[in-house]
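Shown next, in structure tokens, is the structure this report addresses.
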Amino acid sequence: MDSRQIRNKFLEFFESKGHKIVPSAPLVLKNDPTLLFTNSGMVQFKDNFLGNATPKYKRVADTQKCLRVSGKHNDLEDVGLDTYHHTMFEMLGNWSFGDYFKKDAIAWAWELLTDVYKLPKERLYVTVFGGDKKDNLPVDEEAIQLWKQHVHADRILHGVKKDNFWEMGESGPCGPCSEIHIDLRTDEEIKKKPGKELVNNDHPQVVEIWNLVFIQFNRLASGALEPLPDKHVDTGMGFERLCMAIQGKTSNYDTDVFRPLMDFIALHADHYAYGSDTKKDIAVRVMADHIRAVAFAIADGQLPSNTGAGYVIRRILRRAVRYGFSYLNIKEPFMHRLVPLLALQLKEVFPELHQQLEYVGKVVHEEEKSFLRTLDDGIFSFNQNFLRVVRKNLIRYFNERKIVFQQSNGQETFPDFFLPDHRVELELNSRFDEFEIRKNFKVVDDVKIKCLSVNPFLFLKEEFFADEDVKFVFPSQLQFEKEIDGHTAFVLYDTHGFPIDLTQLMAREIGFTVDMSSFNQHLEEQKLRSKADAAKETGDWITVAEGEKPEFIGYDSFTSTSKILRYRKVKQKNKELFQLVLDKTPFYAESGGQVGDTGRLQIGSEQIDVIDTKKENDLIVHWVEKLPTNLEGPVTATIDIAKRKLSMSNHSATHLLHAALRHVLGKHVEQKGSLVNDKILRFDFSHFAAMTAEEIAKVEALVNEKIRENIQLDEQRNVPIEKAKSLGAMALFGEKYGDFVRVITFDPKYSVELCGGTHVPFTGSIGMLKVISESSVAAGVRRIEAVTAAGAQEYFNQSLALLLEVKSLLKNPKDVATSLQNLLEEKHLLEKKLETMNAERAHQIKDQLAGKAQKTNGITVINQQVTVPSAESLKNIAYALRNQFDDLVMVLAANIDGKPNVTVMLGEKVEAMKKFHAGNMVKELAKEIDGGGGGQPFYATAGGKNLGGLERVIEKAKGMISAN
RNA sequence: GGGGGAUUAGCUCAGCUGGCUAGAGCGCUUCCAUGGCAUGGAAGAGGUCAUCGGUUCGAAUCCGAUAUUCUCCA
């Protein structure tokens with residue numbers, strides 16, 4: 001049976017048992033603050049368990065794309081190392097929402113596995129919940145009795161809470177579960193050790209294949225359990241493992257789910273056969289697994305990025321690239337070539353990938369390129385660090401032996417190919433191949449070597465090649481610690497994104513080790529730092545009034561009289577906030593790119609500001625800073641109408657823009673993201689090149705034309721999804737739609753979209769749209785930002801006002817740009833001129849001062865009051881005089897723009913005599929001008945407040961100089 | 001959302017705890033040498049040290065904010 005048949009049999013089986021087969025929900029979640037990705041089959045039914053929604057069907061089955069990158073049984077870093085963990089996997093599941101319970105769930109599971117899939121009964125084990133004292137829960141006797149009708153009692157094992165009590169999270173629906181395990185070992189092995197001892201023991205061939213969860217409790221934040229009114233069944237069977245069991249393989253990766261991908265990788269990347277090299281095999285598995293996760297996440301609308309879910313995707317892709325880079329020697333983007341193969345393989349089950357093949361491939365390709373660049377930077381940085389160590393030790397070595405290098409003109413030097421700043425050379429030598437230095441050096445002293453080329457890496461092999469005819473063998477006496485310290489490794493990791501195991505690998509290649517304990521310590525510190533403020537506590541919902549799921553009435557009105565259904569406390573960054581749920585509300589919750597409404601609640605005479613409105617699955621949650629004192633009373637809820645109207649204008653404009661882009665650029669334009677608030681609209685869409693100015697102008701013109709046509713909004717609610725699609729409505733990938741949708745139409749021939757947002761009644765009220773920027777977000781994705789209505793007006797007014805101001809400042813020239821350019825050039829010239837003039841002036845002052853110099857006791861003394869244009873020129877004067885007299889002792893009491901300054905400068909010889917110390921002198925002299933200062937032994941400055949003290953400075957200096 | 005780094009000449013980067021008048025390589029300009037070169041030599045141009053503010057006698061260097069960008073964590 002191939003994997004396709006296995007999947008179909010599952011769905012057919014449950015269809016025959018009265019289940020509705022539903023499509024997989026997107027991998028990426030939008031309205032769930034507790035989860036980044038769909039990590040199990042039940043996620044899309046969460047609201048059914050929580051009681052926030054009434055289930056549409058009582059019996060449902062599907063295969064669900066899931067992504068797990070962290071958790072108790074799976075860590076991204078483990079995937080590929082073993083043969084049974086995955087990032088993305090399919091979970092087959094059947095559900096009962098308040099319908100059948102343990103009896104049917106158990107019977108059908110057994111029937112499917114043994115009758116349909118014909119798995120050997122003697123290899124199957126089942127586990128049941130064995131009770132838990134802390135929760136005061138008994139053994140699940142009911143399940144045991146039911147299982148006994150199918151399997152012998154000694155194959156029914158008791159499990160602990162960790163394995164056999166399933167919980168969604170810290171709180172929420174939960175219940176005991178029953179797992180089915182299979183023993184896939186050989187007969188000999190089974191004889192040696194019975195399978196029941198290996199169940200739930202992380203044995204790669206004694207694995208859980210199906211988990212039947214019986215949801216019957218709700219766990220409160222306090223930890224207590226309360227029974228649920230409706231009992232549910234939630235089952236999950238790992239598709240890849242099931243295939244392994246049915247196809248008689250010992251690894252998930254050996255099934256036809258992965259093998260085609262892996263053979264392709266092995267062949268094209270490294271021309272080797274999978275299975276012949278343990279390390280390479282790991283890399284191949286990692287790549288085959290990760291491309292699935294990455295490709296489907298992108299197809300579901302999640303671009304790799306540096307935050308949130310996007311960052312997880314980026315990390316997964318990078319891990320795959322890194323493995324290919326290190327073990328399969330793949331230095332060019334490769335992963336993107338797997339996308340077509342994968343898309344074809346899963347075309348029937350998950351058509352979303354195949355439909356966006358080109359787009360996903362491009363995104364992956366671009367992301368690979370950027371990571372390879374980062375790797376390159378990291379390698380460069382690594383080499384620099386390494387060369388620093390080498391250089392330091394080489395200098396020490398040469399110094400100890402008094403070996404001196406000379407350039408051909410006789411000047412002493414140190415060969416700069418040892419300096420770690422030769423990027424060009426290092427690029428040629430991107431790893432450790434030999435490279436040439438085009439410079440001649442002679443080593444003089446007792447050894448004379450003319451050095452033409454050198455490879456600093458070879459020295460580690462204790463050889464040092466110089467010219468062809470002279471060989472300098474690097475002595476083994478040169479030894480130093482061959483360890484990369486933890487800080488360096490951490491900086492590589494944290495700042496350059498350089499994976500630690502790659503650092504270790506590279507270190508090993510040159511005979512170094514990495515101080516891992518120090519590295520880990522740095523890592524821990526960083527984690528603590530960034531975790532410190534992210535803490536958040538959420539309390540239990542407290543019910544005020546019973547009521548149906550909250551109703552959104554904001555499409556039709558901006559205000560309502562409501563009552564509070566429930567509330568809870570949320571602690572975030574030491575700030576206490578409250579969340580309120582109303583029975584009906586005009587507040588639009590953030591969704592579809594449109595931000596949540598703000599506004600106010602009026603309860604009696606009390607007013608409470610609503611700072612944000614968010615969705616939690618289907619719940620509309622109002623965020624407020626304090627609770628009303630009267631929770632039961634009627635609440636008048638009113639949104640901030642001005643803000644909402646601007647958002648509406650921007651949202652409708654987004655639809656017009658979307659349609660215009662498809663007209664101007666082509667049908668490949670798909671929405672990839674959008675943000676709509678009261679200030680701006682931002683629209684991301686798939687398109688493979690930057691838009692030209694003409695294209696932008698065309699799009700703008702078309703949108704504005706549609707605005708002027710003043711098209712009436714046609715809003716239809718509760719349209720069956722199939723009908724909506726037949727109307728040509730644009731549906732988005734990665735968006736989960738119900739059976740009934742809302743359709744927003746501005747002219748059926750122009751723009752028809754599925755949308756839950758709020759819109760203007762006539763396009764005319766948008767007023768005007770102005771694109772203010774067009775940029776790139778990722779490969780194949782462009783971003784347009786635009787303003788409308790009052791925002792557009794303000795934008796124009798501001799731009800125009802600025803231009804007018806600039807123009808008038810320039811005395812209204814014909815061509816502002818040229819005029820400004822000329823002005824800048826002129827300014828630059830004048831600056832240069834001023835600089836030279838200052839230099840000339842300084843030169844004159846210098847000459848004057850030099851003329852007044854007095855030779856006494858073998859030193860040249862200059863002790864004068866001067867007036868100079870700037871501190872800079874004073875410095876120049878001082879240095880010029882130092883260059884002129886090596887026996888100089890100079891004190892200048894200067895007036896710089898009305899500020900007193902004392903400068904002391906000594907000549908080279910005087911400095912060497914150490915009789916004078918400029919720094920000490922200036923400190924003493926500065927007292928006369930009520931100031932302070934310092935500097936170096938030969939040059940020091942001081943500033944002060946008392947201009948009148950300059951004369952006394954000269955007097956004091958006279959005394960200081962003659963005293964020596 | 002939070003943490004860390006980076007921003008210095010056209011390019012790639014040095015510049016350690018503030019003070020030896022902002023440096024290197026490549027590139028560019030001019031000149032000299034060579035039959036030729038990824039040649040050798042000499043001279044030279046090119047910098048608001050991202051922006052704004054602060055501390056200081058003195059800031060590329062320290063502090064704060066902003067912008068751009070890389071990166072790590074949740």
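Reminder, nothing fancy here: chain letters follow the sequence lines and each chain counts from 1. Being a predicted model, the structure only gives us computed values, none of them experimental.
Partners of A/Lys956 by salt bridge (Lys or Arg N to Asp or Glu O under 4.0 Å), not counting sequence neighbours, listed by chain and number: A/Glu924, A/Glu928. Taking A/His522 as the reference, A/His487, A/Phe490 meet the ring-ring contact (aromatic ring centres under 6.0 Å, His included) condition, with sequence neighbours excluded. Here A/Arg682 pairs with nothing under the salt bridge (Lys or Arg N to Asp or Glu O under 4.0 Å) rule; sequence neighbours left out. Take A/Phe519 and apply the ring-ring contact (aromatic ring centres under 6.0 Å, His included) test, not counting sequence neighbours, and it matches A/Tyr493.
Below the 3.5 angstrom threshold, one finds no donor paired with an acceptor across the side chain of A/Asp494 and the base of B/G5.
Between B/G3, B/C57, B/U21, one nucleotide has an atom nearer to the side chain of A/Lys875 than all others, and that is B/U21. Side-chain proximity of A/Asn876 to the nucleotides B/U21, B/G4, B/C73 is greatest for B/U21. Set against B/C72, B/G19, B/A74, the side chain of A/Arg318 has B/C72 as its closest nucleotide. Comparing B/C72, B/U21, B/C73 by their nearest atom to the side chain of A/Asn883 picks out B/U21.
Under the 4.0 Å criterion applied to side-chain N and carboxylate O atoms, A/Glu367 and A/Arg314 are assigned as salt-bridge partners. Between A/Glu955 and A/Arg952 there is no salt bridge, since no side-chain N of the basic residue sits under 4.0 Å from a carboxylate O of the acidic one. Remark: A/Asp887 does not engage A/Lys909 in a salt bridge, criterion side-chain N to carboxylate O under 4.0 Å.
Within residues 925-936 of chain A, the residues having any heavy atom under 4.0 Å from RNA chain B are, by residue number, A/Gly932, A/Gly933, A/Gly934, A/Gly935, A/Gln936.
Secondary-structure stems of RNA chain B, taken as three or more successive Watson-Crick or G-U wobble pairs (i with j, i+1 with j-1) under a 3.5 Å distance threshold, comprise B:1-7 with B:67-73, B:10-13 with B:23-26, B:28-33 with B:39-44, B:50-54 with B:62-66.
Of the side-chain N and O atoms in A/Arg314, one or more sit less than 4.0 angstrom from OP1 or OP2 of B/U71. OP1 or OP2 of B/U21 has not a single side-chain nitrogen or oxygen of A/Tyr939 nearer than 4.0 Å. For the pair A/Tyr311 and B/C72, the criterion of a side-chain N or O lying under 4.0 Å from OP1 or OP2 is met.
Across all strands, A/Phe498 comes closer than 4.0 Å to no nucleic acid atom at all (heavy-atom distances).
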